[in-house]
Amino acid sequence: MGSALPDITFDAARLEAVFERCFAASENTRLIGGADEPVYLPAGPDRLTHELYYREDFFASALHEIAHWCIAGPARRQQVDFGYWYAPEGRSSEQQTAFESVEIKPQALEWIFSRVCTYRFRLSADNFGADGSAPDTSAFAAAVTAQARRYQSEGLPPRAQAFFMALAGEFGSAAQLRALVFERGMLS
């Protein structure tokens, strides 16, 4: 009785290796899995490299954190978690609107990265009510779709472009950003 080989197609360690090839030397940054919660820690007296932690070994978490990192400018990359705030589930509608406004660009990038890997992207509003209900994400989904299309027409930020190209090589994708389709109905 032979053992089946594990499916490594969407093994987050592949993303770590691609990230390392792209950014370890030029940006002094490492992508590291296994965290209980994602966090970015800038280099400092007790840390020689910038460290970008993603949750457990989740492929989607790694893509999401990379997207945030690709957008963060030099000043934000000197702050823990890029200086962002995080309110736990159960946010008010105002807090949810603020959350979604800072998540549009990273989630659009995550969707683009997911497409080049042929990995299924799931929109994340990350806020459930006390009864377990999810918020209405229709406006958020439309904004993420519009941003993905904007990246298509205007181009990706430089680090995102480098990572996109490296992912295309790693995952054997001939995908060109302008040829990808981003439709609101594709988001779940």
Side-chain angles (χ1 to χ4, degrees), residues 8 10-92 94-114 116-117 119 121-128 140 144 147-148 150-151 154-171:
I8 62 166
F10 301 120
D11 183 343
R14 288 179 78 184
L15 296 176
E16 288 181 29
V18 172
F19 192 89
E20 172 110 1
R21 288 192 301 269
C22 288
F23 305 116
S26 65
E27 301 290 338
N28 190 35
T29 305
R30 294 180 50 220
L31 176 67
I32 305 165
D36 290 334
E37 291 297 327
V39 66
Y40 172 78
L41 302 172
D46 59 342
R47 189 176 307 99
L48 298 177
T49 60
H50 305 292
E51 297 174 349
L52 180 62
Y53 287 89
Y54 64 94
R55 187 144 187 251
E56 299 182 28
D57 64 351
F58 299 145
F59 196 86
S61 178
L63 288 177
H64 185 77
E65 297 312 312
I66 293 165
H68 271 287
W69 180 83
C70 285
I71 292 169
R76 284 216 178 261
R77 291 194 315 269
Q78 296 306 313
Q79 299 177 56
V80 171
D81 242 2
F82 311 114
Y84 289 121
W85 59 273
Y86 183 79
E89 288 184 14
R91 292 186 281 268
S92 69
E94 294 81 18
Q95 289 173 318
Q96 184 63 23
T97 298
F99 169 82
E100 290 176 2
S101 71
V102 299
E103 282 291 315
I104 293 167
K105 287 183 177 182
Q107 290 205 29
L109 269 185
E110 180 187 349
W111 191 8
I112 289 167
F113 294 158
S114 295
V116 76
C117 297
Y119 185 75
F121 171 74
R122 288 180 175 88
L123 188 70
S124 176
D126 197 28
N127 191 33
F128 293 93
F140 182 46
V144 170
Q147 182 61 52
R150 198 169 303 117
Y151 280 138
E154 297 173 7
L156 296 172
R159 283 175 288 131
Q161 178 64 33
F163 193 66
F164 178 88
M165 297 303 293
L167 287 175
E170 174 70 20
F171 287 86

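Everything numeric here is computed off the predicted structure, so don't read it as measured data.
Side-chain contact between E103 and H68 is present, with heavy atoms from C-beta onward closer than 4.5 Å. For the pair L52 and I32, the minimum side-chain heavy-atom distance is 4.5 Å or more. Side-chain contact check for Y84 versus Q79: every heavy-atom pair is 4.5 Å or farther apart.
Across C70 and P157, no two heavy atoms sit closer than the pair O-CB, 4.1 Å. Closest non-hydrogen pair, V80 versus V39, comes out as CG1-CG2, 4.3 Å. Residues L15 and A62 share a closest heavy-atom pair of CD1-CB, 3.7 Å.
Listed by chain and number, the residues in a side-chain hydrogen bond (donor to acceptor under 3.5 Å, both in side chains) with E154 amount to none (sequence neighbours excluded). Here Y54 pairs with nothing under the ring pair (Phe, Tyr, Trp, His ring centres under 6.0 Å) rule; sequence neighbours left out. Looking at residues two or more places apart in sequence or on another chain, you find a side-chain contact (heavy atoms from CB on, under 4.5 Å) between A60 and E110, Y119. For D57, there are no side-chain contact (heavy atoms from CB on, under 4.5 Å) partners two or more places apart in sequence or in a different chain. E27 pairs by the side-chain hydrogen bond (donor to acceptor under 3.5 Å, both in side chains) definition with nothing, not counting sequence neighbours. Legend: residues meeting ring pair (Phe, Tyr, Trp, His ring centres under 6.0 Å) with F58, ordered by chain and number and at least two apart, are absent. Applying the side-chain contact (heavy atoms from CB on, under 4.5 Å) rule to C22 yields the partners V18, F163, A166; only residues at least two apart in sequence or on another chain are considered. Among residues two or more places apart in sequence or in another chain, the ring pair (Phe, Tyr, Trp, His ring centres under 6.0 Å) test is passed with F23 by F19, W69. Applying the side-chain contact (heavy atoms from CB on, under 4.5 Å) criterion to T49, with sequence neighbours excluded, gives N28, R30, E51. H50 meets the side-chain hydrogen bond (donor to acceptor under 3.5 Å, both in side chains) test with Y40; sequence neighbours excluded. Checked against salt bridge (Lys or Arg N to Asp or Glu O under 4.0 Å), R76 has no partners two or more places apart in sequence or in another chain.
The salt bridge (charged side-chain N to carboxylate O under 4.0 Å, His left out) contacts involving residues 159-171 comprise R14-E170, R21-E170, where partners must be two or more places apart or lie in separate chains.
One distance of note links CD1 of I66 with CG of L31; it measures 4.5 Å at 0.5 Å rounding. Atom CZ of F140 sits about 11.0 Å away from atom OG1 of T97, to the nearest 0.5 Å. Between E100 atom CD and L123 atom CG the span is 8.0 Å, to the nearest 0.5 Å. Residue I112 holds its CD1 atom at 11.5 Å from CG of L167, rounded to the nearest 0.5 Å.
Between the S61 side chain and the R55 main chain, a donor and an acceptor come within less than 3.5 Å of each other. A donor-acceptor pair is defined here as one N or O able to donate and one able to accept, closer than 3.5 Å; no such pair exists between the side chain of Q161 and the backbone of G155.
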- [ ] Report the C-alpha distance between F121 and Q107 in whole Å, list the side-chain angles of each, state the deciding distance to 0.1 Å, and finish with yes or no for side chain to side chain contact (heavy atoms under 4.5 Å, CB included).
- [x] CA-CA 9 Å; F121 171 74; Q107 290 205 29; 3.9 Å; yes

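A perpendicular orientation is assigned to the rings of F171 and F59, their planes being inclined by more than 60° (bins at 30° and 60°).
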